[in-house]
Visitor: 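Take this structure, written in structure tokens, and hold onto it; I'll ask about it next.
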2 protein chains.
Amino acid sequence: MGEDRWQALSEEVAGWPRGQRSTFVTNFLRDLIVSGEIPPGERINERILTERLGISRTPLREAFKILEGEGLVSIRPNAGATVVRLSPEDVEDSLEILIGLESIGAERAAERATPEMIEEIAELDTRMVEAFERRELMDYFHINQDIHQKIIDAAQNEALSRVYSSESARIRRFRFAGNRDHARWAQAVAEHAQILEALRRRQGPLLRELLRAHHRAGWKIARKALETPEPTD
Amino acid sequence: MGEDRWQALSEEVAGWPRGQRSTFVTNFLRDLIVSGEIPPGERINERILTERLGISRTPLREAFKILEGEGLVSIRPNAGATVVRLSPEDVEDSLEILIGLESIGAERAAERATPEMIEEIAELDTRMVEAFERRELMDYFHINQDIHQKIIDAAQNEALSRVYSSESARIRRFRFAGNRDHARWAQAVAEHAQILEALRRRQGPLLRELLRAHHRAGWKIARKALETPEPTD
DNA sequence: CCCTCCCTTATTGCATGCAATCAATCTAAA
DNA sequence: TTTAGATTGATTGCATGCAATAAGGGAGGG
């Protein structure tokens, strides 16, 4: 559990404004966790992080509590915070919720999305296809996430956006694996074109089914990559 | 915003164990908020609460962060924590999510509930009918909440249980209003009998539709009670 | 060789102190 | 009278110190 992992982030966060320290640490830590930079099962040492970030333990510990609420870390009394280790079943559980939420969102989005929202999603789709053609997986992945969140947002249900975003973050790392397979990647791009078209034509039920199939197919591939169990460290 | 509200809870929490203080304060505060004892829009004063509870500000502030994540309070820098004020639209948004989640849960529960789980729900249902006959609204309400959560739990999807529980808490206070109308109350009890029957017979789709109708009917009544806008204080 | 107990050290949980910020009141000039 | 500015008190954000606990390691007995 190398201290060297934290070496990189020396001064980069100095001077976070008063009143937002815990928020910023939370976002920072969440990124490290969902990107997999801090691996599942790893204990997060308070002292090392506070020294590297140049903040005190108080806002860091507040961040732990927030991330615990999001299901990203687990805090045991006197044993600190560890990154939660999700089993394939946990991921599948979350994915089932996400699909359910997107189903709700899809029908509402088809009804309520403004032309501007649809246009914004269309632009993201264009950028995503470009990223695909350049074979920039990371870019592609982020734009992809963004599109799905924007479709949800188009439903204009704040609770839905909040829950979806939080649940989505939990399993982001695992869904990334779904794009490793190149054939699947190309297929996903094609599906997105259909999804956009259904949204444009405001075909709610179709949109719902397309999204459902899209996720299931992605997960089928991602699951394979996860069959290799993570190290128990 | 009387300090007297907190008068009651002097010594009752003394001696909360190390390592669980913030958890306990969180639960305690959540109860006060979802029950409406701390009204929406009210600012929560740290000093008063810490003095009454006999704890320091640190675990209390951690509780604020957790509750903010749950959408129950809002923290503004240098202006402390205030109980969020939900509009009828916010409640309806959350309710739509809850209905969606219960739909997922219903079908899974019908497939996966163990006989023990169903039996437990049946016992709760009996107790709920008794509470109805004794006209004990508060008891009834709590058992009712418990039944819905247990149905969800029977789906054996941890993410679902977590999200449902959190989202349910957010709008608990508002759903309470749905039972004020006596005709509706009796109707709700009858619907619960059908719901239990569908679960026993493992009729997933039927269970789903019964729950959906149950919630919609409850909300229709509750909504009336909320048309009277809350004081803007 | 292994197991148990004790001790040391690292780390956590929480209380508290200090500085920054906000809010309310007062003063003075227009 | 009104309003801009200053001032003081209350409250928050964060850093830090101390006590409690856990984790690790060695000594001693089996």
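The figures here come from the full heavy-atom set of this structure, side chains too, leaving out hydrogens, waters and symmetry mates. Letters A, B, ... are given to chains in the order of the sequence lines, protein chains preceding strands, and every chain is numbered from 1.
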Visitor: Using the test ring-ring contact (aromatic ring centres under 6.0 Å, His included), find all partners of His215(A) that sit at least two apart in sequence or belong to another chain.
Guide: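 By the ring-ring contact (aromatic ring centres under 6.0 Å, His included) rule, His215(A) matches His148(A).
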Visitor: Could you tell me the separation between the CD1 atom of Ile44(B) and the C1' atom of dT11(D), rounded to a whole number of Å?
Guide: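 In whole Å, dT11(D) C1' and Ile44(B) CD1 are 15 Å from each other.
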Visitor: Of all residues at least two apart in sequence or in a different chain, which pass the side-chain hydrogen bond (donor to acceptor under 3.5 Å, both in side chains) check with Ser161(A)?
Guide: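 Testing Ser161(A) for side-chain hydrogen bond (donor to acceptor under 3.5 Å, both in side chains), a comparison that skips the adjacent residues, returns Asp153(A).
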Visitor: Which is it for Glu62(A) and Arg21(A) under the salt bridge (charged side-chain N to carboxylate O under 4.0 Å, His left out) test, yes or no, and what are the steps along the way?
Guide: CA-CA 10 Å; Glu62(A) 288 173 355; Arg21(A) 287 230 210 323; over 6 Å; no
Visitor: Step by step, would you call Val73(B) with Thr82(B) a side chain to side chain contact (heavy atoms under 4.5 Å, CB included)?
Guide: CA-CA 5 Å; Val73(B) 310; Thr82(B) 58; over 6 Å; no
Visitor: Without decimals, in angstroms, what is the distance between Arg21(B) CZ and dA20(D) P?
Guide: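 Taking atom P of dA20(D) as the reference, CZ of Arg21(B) is at 11 Å.
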Visitor: Tell me, with the steps shown, if Tyr140(B) and Trp185(B) meet ring pair (Phe, Tyr, Trp, His ring centres under 6.0 Å).
Guide: CA-CA 10 Å; Tyr140(B) 169 85; Trp185(B) 190 5; 5.2 Å; yes
Visitor: Which nucleotide span of DNA chain C, 5' end to 3' end, has atoms closer than 4.0 Å to non-hydrogen atoms of chain B?
Guide: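 Range of nucleotides within reach of chain B: dT12(C) to dC22(C).
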Visitor: Starting at atom CG of Asn45(B), determine the distance to atom C1' of dT12(D), rounded to an integer number of angstrom.
Guide: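 Roughly 10 Å, once rounded to whole Å.
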Visitor: In residues 57-82 of chain A, which residues come under 4.0 Å of DNA chain D by heavy atom?
Guide: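 The answer is Arg57(A), Thr58(A), Pro59(A), Asn78(A).
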Visitor: Using whole Å, what does the distance between atom C1' of nucleotide dA22(D) and atom CD of Glu46(A) come to?
Guide: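 Distance, rounded to whole Å: 14 Å.
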Visitor: Measure from the side-chain N and O atoms of Arg43(A) to the backbone N and O of Ala79(A), and report whether any donor-acceptor pair falls under 3.5 Å.
Guide: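 Yes, Arg43(A) side chain to Ala79(A) backbone: donor-acceptor pair under 3.5 Å.
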Visitor: Could you tell me which residues satisfy side-chain hydrogen bond (donor to acceptor under 3.5 Å, both in side chains) with Ser94(B), sequence neighbours excluded, listed by chain and number?
Guide: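 For Ser94(B) the side-chain hydrogen bond (donor to acceptor under 3.5 Å, both in side chains) partners, ignoring immediate neighbours, are Glu167(B), Arg170(B).
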Visitor: For residues 112-120 of chain B, run the donor-acceptor check on the side chains, cut-off 3.5 Å, and write out each pair with its distance to 0.1 Å, sequence neighbours left out.
Guide:
residue: Arg112(B); atom: NE; partner: Ala155(B); partner atom: O; Å: 3.4
residue: Arg112(B); atom: NH2; partner: Gln156(B); partner atom: O; Å: 3.2
residue: Thr114(B); atom: OG1; partner: Glu116(B); partner atom: OE1; Å: 3.4
residue: Thr114(B); atom: OG1; partner: Met117(B); partner atom: N; Å: 3.1

